[in-house]
Amino acid sequence: MQQIRKAVIPVAGLGTRFLPATKAIPKEMLTIIDRPTIQYIVEEVVASGIEEVILITSDGKSAIEKHFDYDYELDNVLKEKNKLKLRDELTHISNLIDVVSVRQKKPLGLGHAIWMARKVVGNEPFLVLLGDDLVRSETPCCRQMLDLYNQVGESIVAIQRVPMEQTCHYGIVEGEGTEFERTFKINRMLEKPSPGMSDSDKAIIGRYLLTPEIFEILGRTKPGHGGEIQLTDALQTLANQQGMYAYEFEGRRYDAGDKLGYLKAIVDVAMSHPTLGKPFREYLQTVSACTCSTSRS
Ligand code: UTP
């Protein structure tokens with residue numbers, strides 16, 4: 001079995017759900033406590049044993065590259081001011097992993113963004129993590145998928161169960177259970193199905209483990225839902241050609257590109273934070289229904 005060494009993280013989307021905040025700041029740089037969302041995602045990759053991150057970027061996203069780069073001037077200032085703990089933290093971030101960037105010149109869709117990585121990934125299986133999809137789990141979600149891949153040797157998409165009325169917001173998979181725990185063999189995939197099109201509640205989240213044949217398929221995939229080149233359409237072809245598994249990962253996932261998902265991520269991370277957790281939980285207990293009812297449009 002070929003070893004998986006690379007992870008592609010597309011961050012070239014427009015982030016319209018978070019406007020006006022994302023007019024000048026990439027949504028992946030919005031902070032959860034004191035770290036941008038993208039750092040949590042890169043840390044998951046590192047903790048899973050991956051060697052290289054390929055960022056698919058666009059105009060206005062250079063702050064993400066800067067965040068993982070070494071800043072000589074800032075390093076000197078922190079040294080002069082004897083802020084050594086902070087200096088160590090920044091050094092740690094810049095040494096986390098090798099980061100390569102590829103430009104997606106137009107936001108033609110997630111499928112097109114992944115296709116942009118073909119030359120850097122080459123002919124080997126790889127991971128994809130969406131830059132605004134946060135997963136908190138004991139074993140990193142990508143590590144769980146890599147362990148499954150070592151047993152099944154086929155592409156894998158991570159899934160979670162969603163209420164039926166929400167399936168129209170996700171890529172949905174249909175399939176049968178297998179001998180592997182929490183794992184389904186995929187028969188059919190649908191991108192954001194209208195009500196009644198599928199009775200499956202298995203929704204694809206932002207973690208994929210893909211074989212390199214996906215690139216050739218993406219190269220000939222026509223624009224689909226929303227006029228974008230959809231990854232789900234290409235995944236269906238790959239599943240037909242080679243087989244594919246859906247894996248119900250262990251952990252909790254947050255759509256940090258959505259306002260409510262982002263808020264949930266902040267609250268959950270804050271509640272279990274080593275120093276802020278206790279005072280924050282105490283504070284939350286004082287937040288009564290009465291104070292919550294004061295709304296702001
Ligand atoms: P989303 O649809 O969640 O992201 O795409 P978006 O387009 O940035 O956000 P909204 O919907 O306008 O608020 C899922 C992922 O695919 C990437 C996004 O950056 C995100 O990580 N993406 C999407 C690209 O890299 N390029 C694209 O053309 C589209």
Side-chain angles (χ1 to χ4, degrees), residues 6-30 32 36-45 53-65 67-68 99-121 126-135 141-142 157-160 162 166-172 189 191-192 203-208 210 214-215 218-219 221-235 253-265:
K6 298 177 183 177
V8 175
I9 308 183
V11 295
L14 296 173
T16 54
R17 284 171 292 167
F18 251 113
L19 282 170
T22 47
K23 185 170 174 228
I25 299 166
K27 68 174 166 181
E28 297 80 6
M29 288 303 290
L30 298 177
I32 298 176
T37 306
I38 189 73
Q39 190 180 327
Y40 291 88
I41 290 165
V42 169
E43 281 170 350
E44 178 187 329
V45 167
V53 160
I54 299 145
L55 287 176
I56 309 299
T57 67
S58 59
D59 190 30
K61 299 277 180 163
S62 55
I64 300 174
E65 287 150 343
H67 182 72
F68 293 102
V99 179
V100 174
S101 293
V102 178
R103 274 278 175 138
Q104 185 191 25
K105 290 182 184 147
K106 284 186 187 169
L108 298 178
L110 175 59
H112 181 259
I114 307 296
W115 182 72
M116 293 304 301
R118 66 199 181 284
K119 289 183 188 153
V120 187
V121 171
F126 62 103
L127 286 164
V128 175
L129 297 89
L130 299 193
D132 55 357
D133 231 40
L134 186 69
V135 178
C141 181
C142 284
V157 295
I159 53 158
Q160 68 176 16
V162 297
Q166 286 180 23
T167 54
C168 57
H169 301 301
Y170 292 88
I172 296 293
M189 307 174 101
E191 180 62 22
K192 301 189 172 81
I204 303 174
I205 65 139
R207 299 286 182 278
Y208 311 79
L210 302 173
I214 193 72
F215 292 124
L218 281 169
T221 299
K222 300 268 172 293
H225 189 93
E228 294 191 343
I229 297 174
Q230 295 290 349
L231 179 60
T232 312
D233 296 340
L235 290 177
R253 171 256 181 185
Y254 307 84
D255 179 1
D258 164 79
K259 287 174 203 163
L260 185 59
Y262 178 65
L263 273 178
K264 287 179 184 172

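Whatever order the structure lists them in is the order used to number ligands and atoms, beginning at 1.
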Residue Pro107 vicinity, atoms of ligand 1 by number, heavy atom under 4.0 Å: 28 (O)
Contact (N/O only, under 3.5 Å) between Leu130 and ligand 1: no
Lys6 side chain to Val120 backbone, donor-acceptor under 3.5 Å: yes
Top protein contact for atom 16 (O) of ligand 1, by heavy-atom distance: Leu110 CD1, 3.4 Å
Rounded distance [0.5 Å steps], CG in Leu231 versus CD1 in Ile214: 6.0 Å
Atoms of ligand 1 close to Leu14 [distance to a heavy atom under 4.0 angstrom, numbered from 1]: 6 (P), 7 (O), 8 (O)
Among Ser58, Gly131, Gly109, Ala12, closest by any non-hydrogen atom to atom 29 (C) of ligand 1: Gly109
Atoms of ligand 1 close to Ala113 [distance to a heavy atom under 4.0 angstrom, numbered from 1]: 24 (C), 25 (O), 26 (N)
Ring center gap for Tyr254 and Tyr40 short of 6.0 angstrom: no
Ligand 1 contact on Gln104 by region, counting heavy-atom pairs under 4.0 Å: side chain
Structural part of Pro10 in contact with ligand 1, heavy atom criterion under 4.0 angstrom: both
Shortest protein contact, atom 12 (O) of ligand 1 (heavy atom only): Thr16 OG1, 2.5 Å
Atom pair NE2 (His169) and CG (Asp255), whose distance is rounded to the nearest 0.5 Å: 11.0 Å
Part of Leu108 with heavy atoms under 4.0 Å of ligand 1, whether side chain, backbone, both or neither: backbone
Nitrogen or oxygen atoms of Ile56 and ligand 1 under 3.5 Å apart: no
Ligand 1-proximal atoms of Val11, by part, heavy-atom distance under 4.0 Å: backbone
Numbered atoms and elements of ligand 1 in range of Asp132, under 4.0 angstrom, heavy atoms: 3 (O), 21 (O)
Distance in Å, Gln230 CD paired with His112 NE2, rounded so as to fall on 0.5 Å steps: 13.0 Å
Protein heavy atom at shortest distance from atom 13 (O) of ligand 1: Arg17 N, 2.8 Å
Approximate separation, where rounding is to 0.5 Å, of Thr232 OG1 and Met189 CE: 6.5 Å
Mode of Lys27 contact toward ligand 1 - side chain, backbone, both, neither (heavy atoms, under 4.0 Å): side chain
Residue that, paired with Leu129, satisfies side-chain contact (heavy atoms from CB on, under 4.5 Å) out of Ile41, Ile38, Leu134: Ile41
Ligand 1-proximal atoms of Glu28, by part, heavy-atom distance under 4.0 Å: side chain
Nearest neighbour in protein (non-hydrogen) for atom 24 (C) of ligand 1: Gly13 N, 3.4 Å
Parallel, tilted or perpendicular: ring planes of Phe18 versus Tyr262, cut at 30 and 60 degrees: perpendicular
Side-chain donor or acceptor of Lys61 paired with backbone N/O of Val11 under 3.5 Å: yes
Phe18 N/O under 3.5 Å from ligand 1 N/O: no
Within-cutoff protein neighbour (heavy atom, under 4.0 Å) for atom 8 (O) of ligand 1: yes
Ionic contact status for Lys264 with Asp258, cut-off 4.0 Å: no
Distance, nearest 0.5 Å, that separates OG1 of Thr57 from CD of Gln104: 9.0 Å
Short side-chain donor-acceptor distance under 3.5 Å, His67 and Gln39: yes
